[in-house]
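Since the structure comes first, as structure tokens, the remarks are kept for the end.
Throughout, numbering of the chain's residues begins at 1 and tracks the sequence. Counting convention: from 1, in listed order, for ligands and their atoms alike. Quick caveat, the model's predicted, so the values are computed rather than measured.
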Amino acid sequence: MRIYLGADHAGFQLKEHVRETLRASGHEVVDVGTNAEDSVDYPDYAREVALAVGSGEADLGVLVCGTGFGMAIAANKFPGVRAVPLSDPEMARMARRHNNANVITLAGRYLEPAQADAVLEAFLTTEYENGRHQRRIDKITGFEDCQA
Ligand code: RB5
């Protein structure tokens, strides 16, 4: 998979770990930064990763901030993005099976590296179930054109 990866200062350390985990599993990783613990704004990194996922340039996005929440809120503003904050492997499997999630957001201030690895492993080894779930996702995609 081609995976775009980004973080703010609160996610920087975990991002560094996640990048090596993903590369060791054979994935192509594009790391968009940040590359230090100096304070930055997480929407800037969410934007870059979300645009790559929405355009098809990336198969998957991974974003890390302090909680994973701000990254998810920001990424979900972009067309074609289904971002979910994950901290639990079973929830990661459900996000794939039912929601066809294409961006994972992680909590750099709350997740141990091994927990993040477990979430990624669960997500990456689970298939989208399609079927009735696609009808629901199509409805969500329709909201992208909603003016009301
Ligand atoms: C940065 O202090 C923090 O607000 C950010 O990393 C993230 O947790 C936002 O949701």
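In this structure, the protein non-hydrogen atom closest to atom 10 (O) of ligand 1 is G70 N, 2.9 Å. Taking atom 9 (C) of ligand 1 as the reference point, the nearest protein heavy-atom neighbour is Y42 CE2, 3.5 Å. Remark: minimum distance from atom 3 (C) of ligand 1 to any protein heavy atom is reached at R109 NH1, 3.9 Å.
Salt-bridge formation is not detected for the pair R97/E127: no Lys NZ or Arg NE/NH1/NH2 atom is positioned less than 4.0 Å from an Asp or Glu carboxylate oxygen. Residues E20 and K15 are not paired through a salt bridge, judged by the lack of any N-O separation under 4.0 Å between the basic side chain and the carboxylate.
T125 has its side chain within reach of E121: a pair of non-hydrogen atoms, C-beta onward, lies under 4.5 Å apart. Side-chain contact between V103 and V62 is absent, with no heavy atoms from C-beta onward closer than 4.5 Å. In this structure, L120 and I104 have side chains that are in contact, with non-hydrogen atoms separated by less than 4.5 Å. In this structure the side chain of D41 never reaches within 4.5 angstrom of the side chain of D8, judged on heavy atoms.
Each of the following atoms of ligand 1 lies closer than 4.0 Å to a heavy atom of D8: 1 (C), 5 (C), 6 (O). For ligand 1, the atoms sitting less than 4.0 Å from at least one non-hydrogen atom of G66 are 5 (C), 6 (O), 7 (C), 8 (O), numbered in the order shown with element in parentheses. Applying the 4.0 Å criterion to heavy atoms of A10 picks out, from ligand 1, the atoms 6 (O). Ligand-side atoms of ligand 1 in range of H9: 1 (C), 2 (O), range being under 4.0 angstrom from any heavy atom.
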